[in-house]
Amino acid sequence: MKADQHTAEVCSGAEILLRSLVAEKVDVLFGYPGGAIMPVYDALYDYADRLNHILVRHEQGAIHAAQGYARASGRVGVALATSGPGATNLVTGLADALIDSTPVVCITGQVFAHLLGTDAFQEIDVVNTTIPVTKWNIQVTEAKDIAPAVAKAFYIARTGRPGPVLIDITKNAQNEKIEFSEYVPCTNIRTYRPKPELSLTQIKAAAELINQSNRPYILAGQGILLSGASDLLVAFSGKTGIPVACTLLGLSGFPVTHPNYAGFLGMHGNYAANININECDVLIAIGMRFDDRVTGNVNKFARQAKVIHIDIDKAEINKNIRADIAVHADAAEALTELMGLCETRNHRSWMESFARLNDVEQQRVSIHSFLREGELTMAEVIDELASQADPLTIITTDVGQHQMVTSRYYPYRTPRTLITSGGAGTMGFALPAAIGAKLGMPDRQVIAVIGDGGFQMTMQEMGVIMQYGIPVKVLVLNNSFLGMVRQWQQLFHDKRYSFTEMSNPDFVAIAGAYGIAAAKLERRENLKEAISALLNSSSSYFLEVRVGKEENVFPMIPAGAGVSDMLLEAPRTEYPESVNR
């Protein structure tokens with residue numbers, strides 16, 4: 001008789017952990033073994049038919065892969081690591097997952113309980129180390145507490161505003177044998193209320209304000225995707241005629257092909273989307289946190305507008321921008337109620353103002369305006385990729401100029417098709433995230449778009465692609481610079497390129513050494529063919545594109561400036577010193 005038939009069996013703590021993961025419907029684990037978690041890996045030997053373990057090349061690769069899996073599939077990603085440096089190598093990914101609301105569960109091994117606090121080999125206080133970068137964490141020192149900890153971890157990670165959770169399990173707890181009969185999922189924690197009760201009073205007040213408005217404007221964040229509210233937002237915008245702009249993490253939550261799509265918000269976003277923040281009369285922020293990359297100088301942000309802020313996390317409301325009407329609620333629930341209370345309208349003249357501003361951007365900052373003789377540009381490469389890829393293609397990006405260009409010029413039409421590092425801005429994110437995304441959504445095309453700097457931070461994870469035959473596509477835009485930093489050095493530091501130029505290795509040769517088909521593109525006339533080869537390969541494929549070394553990304557809101565100060569081109573003189581503060 002098996003444990004899932006409610007008959008007690010004697011099991012080790014390690015096997016209880018694995019049975020718990022199976023009960024939570026985990027199918028993929030990303031990890032790296034070591035001494036303190038060896039009992040779990042020994043037990044995994046007998047679980048190959050139920051748990052697909054992917055051996056990464058660095059623990060940071062494990063958690064980024066778990067993030068990519070979670071962001072693409074909507075399920076909880078799982079990463080394993082040993083104690084000491086294995087656990088601390090997860091910290092960057094934990095921080096990234098916390099600020100970007102990604103549900104992951106990390107399980108770390110720990111030294112024997114009787115050695116805690118003795119500075120034993122590879123002992124690090126991982127619980128106190130990770131408190132600031134987890135939604136919840138716990139140390140387990142007895143086998144009887146493993147299953148309840150797993151149940152609580154998955155419940156916390158996936159509910160409310162999702163986030164990362166860490167379980168640190170001592171080696172004695174993994175080895176200890178106890179009777180185990182049934183895994184009991186967690187459905188409630190007395191002190192934790194993940195979904196707030198919707199206030200109909202606030203919803204009615206919001207609807208009244210929207211109905212009275214002449215220039216309403218929706219700013220959509222990742223909360224739309226996390227709550228599964230994309231279709232609701234499309235319907236709501238269609239009924240009310242309200243334009244919708246997306247934050248970086250909100251991209252793909254509202255289709256760019258929709259007539260009410262207003263553009264991409266933020267420092268390098270679309271001109272109309274940003275300028276009209278200071279022209280609207282009602283600003284409706286849904287599932288977004290008014291990050292500084294969206295607001296610019298908060299003292300110059302939407303001062304003329306009434307602000308309605310809808311967010312599941314109460315801590316985000318009134319944190320950066322004061323809300324006139326605060327709706328502490330799940331985005332889908334709030335939109336469902338608003339749908340019935342808001343009037344059917346169109347805002348033709350208001351929408352026309354977006355079109356006029358968009359024309360200005362097209363005239364000043366079009367893809368073709370970047371073209372230079374003999375130099376490929378990031379913008380034209382992404383434009384060609386967009387013209388050939390299907391709407392279900394999942395794009396992962398790293399952080400930097402290529403990230404902003406991809407966000408601007410790739411047309412996201414389907415939810416969860418952009419996976420990028422937003423709040424933390426983690427270089428090295430894209431490649432392992434693409435691996436996780438492909439394993440989470442195996443029927444989708446997955447393409448990692450990466451700069452030459454970020455690629456070299458985790459390029460060892462190509463070993464994972466090689467070992468498991470994962471058909472991930474990798475597109476490296478190589479300008480031999482840390483491009484975003486170089487752009488700031490050019491614009492605001494008198495072109496003092498301090499340690500941003502890179503001498504790079506032969507990327508194609510490195511990809512070939514990993515058994516991955518690879519090519520290098522340097523000529524514009526071969527662009528279409530090169531992208532076609534990338535997309536149509538039935539196996540993994542690596543394409544390096546040499547782009548202009550000093551290509552900049554515009555529009556741009558300089559640090560300290562307001563959204564109305566957005567630049568369409570480089571300033572003719574250095575930007576005022578006060579703005580840099």
Side-chain angles (χ1 to χ4, degrees), residues 56-58 60-72 92-93 95-97 99-100 102 222 247-249 251-252 264 266-268 293 377-379 381-382 385-386 393-410 412 417-438 446-462 464-465 472-488 500 502 504-505 507 510-511 516 534 540-547 549 551-553:
V56 297
R57 299 317 191 247
H58 189 285
Q60 185 177 347
I63 187 164
H64 289 334
Q67 289 176 269
Y69 176 96
R71 295 266 291 274
T92 294
D96 192 285
I99 199 165
D100 283 356
T102 305
Q222 190 187 198
T247 66
L248 176 63
L249 292 184
L251 288 171
S252 82
F264 164 44
M267 179 176 281
H268 290 285
R293 286 300 192 260
T377 68
M378 291 178 284
V381 174
I382 298 304
L385 177 67
T393 297
I394 295 171
I395 303 292
T396 70
T397 77
D398 230 75
V399 173
Q401 287 181 317
H402 74 277
Q403 177 192 37
M404 295 296 98
V405 169
T406 306
S407 301
R408 286 179 49 78
Y409 296 115
Y410 191 90
Y412 300 98
T417 50
L418 172 63
I419 299 171
T420 191
S421 174
T426 304
M427 292 177 70
F429 175 85
L431 180 59
I435 292 169
K438 184 64 179 177
V446 178
I447 304 168
V449 181
I450 320 176
D452 50 304
F455 175 63
Q456 291 178 87
M457 289 197 169
T458 53
M459 68 181 181
Q460 73 278 354
E461 301 306 326
M462 289 198 296
V464 178
I465 295 173
V472 165
K473 312 298 174 61
V474 181
L475 173 60
V476 170
L477 301 178
N478 181 5
N479 59 10
S480 297
F481 263 113
L482 298 176
M484 186 61 81
V485 183
R486 184 213 55 77
Q487 178 168 336
W488 280 60
T500 48
M502 304 189 77
N504 290 321
F507 292 138
I510 291 172
I516 298 171
L534 173 83
S540 56
Y541 194 92
F542 179 94
L543 176 63
E544 175 191 356
V545 182
R546 296 301 300 266
V547 296
K549 292 188 68 171
E551 177 187 347
N552 289 328
V553 185

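To the nearest 0.5 Å, the span separating CG on L251 from OG1 on T417 amounts to 9.0 Å. Here the straight-line distance linking atom CD1 of I394 with atom CD1 of I419 works out to 5.5 Å at 0.5 Å rounding. Here CD of Q460 is found 8.0 Å from CG of L431. Values are rounded to the nearest 0.5 Å. Separation of atoms CZ (R408) and CG (L248) is listed at 12.5 Å; rounding is to 0.5 Å. Taking CD1 of I450 as the start and CZ of F542 as the end, the distance is 7.5 Å to the nearest 0.5 Å. Rounding to the nearest 0.5 Å places CD1 of I465 at 14.0 Å from OH of Y541.
The closest side-chain heavy-atom distance from V449 to M378 is not below 4.5 Å. Within the 4.5 Å cutoff, side-chain heavy atoms of R486 are placed close to those of Q401. Counting heavy atoms from C-beta on, the side chains of H268 and M484 come closer than 4.5 Å. Inter-residue side-chain proximity for Q222 and T247 is flagged as unmet; no heavy-atom pair is nearer than 4.5 Å. No side-chain heavy atom of M457 sits less than 4.5 Å from a side-chain heavy atom of Q60. Counting heavy atoms from C-beta outward, M462 and S540 have side chains that stay 4.5 Å or more apart. In this structure the side chain of T393 reaches within 4.5 angstrom of the side chain of Y410, judged on heavy atoms.
Partners of Q403 under the side chain to side chain donor-acceptor pair (under 3.5 Å) rule, at least two apart in sequence or in another chain, are T420. For F507, the ring pair (Phe, Tyr, Trp, His ring centres under 6.0 Å) partners are F455, not counting sequence neighbours. Under the rule for a side chain to side chain donor-acceptor pair (under 3.5 Å), K438 has no partner lying at least two apart in sequence or in another chain. D100 is linked by a side chain to side chain donor-acceptor pair (under 3.5 Å) to nothing, counting only residues two or more places apart in sequence or in another chain. Looking at residues two or more places apart in sequence or on another chain, you find a side chain to side chain donor-acceptor pair (under 3.5 Å) between T500 and Q489. Every residue two or more places apart in sequence or in another chain that forms a ring pair (Phe, Tyr, Trp, His ring centres under 6.0 Å) with F429 is listed here: H64.
A donor and an acceptor atom, one from each side chain of N479 and E551, are nowhere located under 3.5 Å apart.
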Step-by-step side chain to side chain contact (heavy atoms under 4.5 Å, CB included) determination, Y412 to T406:
CA-CA 10 Å; Y412 300 98; T406 306; 3.4 Å; yes

Do V56 and I435 pass the side chain to side chain contact (heavy atoms under 4.5 Å, CB included) test, and can you show the C-alpha distance, the side-chain angles, and the key distance before you say yes or no?
CA-CA 10 Å; V56 297; I435 292 169; over 6 Å; no

Check the pair V553, Q487 against side chain to side chain contact (heavy atoms under 4.5 Å, CB included), reporting the backbone distance first and the verdict last.
CA-CA 8 Å; V553 185; Q487 178 168 336; 3.9 Å; yes

Do H402 and L475 pass the side chain to side chain contact (heavy atoms under 4.5 Å, CB included) test, and can you show the C-alpha distance, the side-chain angles, and the key distance before you say yes or no?
CA-CA 10 Å; H402 74 277; L475 173 60; over 6 Å; no

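The shortest heavy-atom contact between G453 and M502 is CA-SD, 3.8 Å. Minimum heavy-atom separation, M459 to I510: CE-CD1, 4.0 Å. Contact record, A97 with Q67: N-NE2, 3.5 Å, taken as the closest heavy-atom pair. Counting all heavy atoms, side chain and backbone alike, A448 lies closest to A430 at CB-O, 4.0 Å.
The backbone N or O of G428 sits less than 3.5 Å from a side-chain atom of D398, completing a donor-acceptor pair. Side chain of E461 to main chain of R57: a donor-acceptor pair is present (N/O by atom type, distance under 3.5 Å, no hydrogens or angles).
When each of D96, T396, T102 is paired with S421, the side-chain hydrogen bond (donor to acceptor under 3.5 Å, both in side chains) condition holds for D96 and for no other. With D452 as reference, N478 is the one residue of N478, L482, L477 to meet the side chain to side chain contact (heavy atoms under 4.5 Å, CB included) rule.
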